[in-house]
Amino acid sequence: MHKEKIDVLVLDDDPDLCMLMETMLKFAGLNVKRITNPTHLHDLLKELKPDVLLMDMLLSGVDGRDICTHLKSEGATNEMKIMMISAHPDAREKCLVAGADDFLGKPFDMDIFLGKIHNLLTVKV
Amino acid sequence: MWVGTSTDIDDMKKHELQKDDFIKMANHELKTPVTTIKGYVQMLLKSHKSSDDVGLVSALSTVDKQVTKLTKLIGDLLDVTKIETGSLPLNKEIFMLDDLVSETSVHIQTAFPTHKVHILRNDSCKVNADKERINQVLVNLFTNAIKYSPFTNEVTVLVKNEINHAHVTIKDTGIGIVAEDHHKIFDRFYRVAGKDEKTFPGFGIGLFIVKEIMQRHNGKIWVTSEKGKGSAFTFMLALDK
């Protein structure tokens, strides 16, 4: 049973990329968990209380933008920062309109990725 | 006289949309595995930063460089589609063109240590343009200058403030271009037909994209060149008042 609050929850349906992002964030000294589908997302958010949700836009049957819009409309999760990522060429605008606090295009530079997460964590503090 | 029926035109539009959707998804599918490769290579480079294994660090740097090149190629193909559908967006901002030229020259020098990049003149020029796209133009022109001068080792750049416009010229002393190709090289997928020219890699879309970016900025681009005597590509951009 996870009881410890975490810094970042990573959600990406590509398991290799999901693990990569978790590894990068742990390398930077952060407390991170990862999931590859959003089935139990709400329960996990309640349990782990991440400061940042890092979420892919296209999640194999689920649109990350819908999840983002919903989380931003709920009292329990609307203060959590959400950064969305995608390789889709038109994604940036669409994700920001859906309520994402930041967006990162794929492929990304590791320093830029870590910088963006750091910014979101700093703003939270 | 042929008159297109509404069915023919609807089919054409549908075909264009399908092509556009395919290119976007292809772009997405190609970039996804590239993301994982790039990420792990950068992770390994960071964790082996102080390693004595020079061979390993060099190999990882090479992979990182090639992945960056691959990402650029995928991006260029997408740009060609955006240009064809008239949807190449511009995000304009005011910036100093001379600063951008300096930064890009340093980046190019680092990426291509075989050639010396000299800034012969760098007048102060304030412009209102899409900085990322103008950087793309500079990188394309620098990359071509170096690519097409394999037997010489110098590339120069000049930035001139011509009162209402900035003129940026990137010059090499490489293989040059015959006069009859001076306009054609800006066409989509055009590659010069010479025996030597065909030995160089490339899709033939870099200058097409550069020309489109300049046209979207109401600017111009042209080349002065002679076969065997190098080339000078100049683009003109309006100064911000």
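First the proteins, then the strands, lettered A, B, ... as listed; each starts at 1.
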Visitor: Could you list each donor and acceptor atom pair linking chain A to chain B at less than 3.5 Å?
Guide:
from	atom 1	to	atom 2	distance (Å)
A:Asp90	OD2	B:Lys24	NZ	2.8
A:Asp109	OD1	B:Gln42	NE2	3.0
A:Met110	N	B:Gln42	OE1	2.6
A:Asp111	OD1	B:Lys46	NZ	2.7
A:Asp111	OD2	B:Lys46	NZ	3.4

Visitor: Side chain, backbone, both or neither: which part of A:Met21 has an atom under 4.5 Å from a heavy atom of chain B?
Guide: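 Neither the backbone nor the side chain of A:Met21 comes within 4.5 Å of chain B.
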Visitor: How long is the span from the CE atom in A:Met110 to the CE atom in B:Met43, to the nearest 0.5 Å?
Guide: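 The CE atom of A:Met110 sits 5.0 Å away from the CE atom of B:Met43.
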Visitor: Using every non-hydrogen atom in the two residues, find where B:Val34 and A:Pro107 come nearest and quote the distance to one decimal.
Guide: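 In this case the closest contact between B:Val34 and A:Pro107 is CG1-CG, 3.8 Å.
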Visitor: Is the number of heavy atoms from other residues, nucleotides or ligands within 6.0 Å of CE (A:Met19) greater than 12?
Guide: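 Not buried by this count: 12 neighbours or fewer within 6.0 Å.
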Visitor: For residues 4-57 of chain A, which residue pairs pass the ring pair (Phe, Tyr, Trp, His ring centres under 6.0 Å) check, not counting sequence neighbours?
Guide: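 Only A:His42-A:His70 qualify under ring pair (Phe, Tyr, Trp, His ring centres under 6.0 Å).
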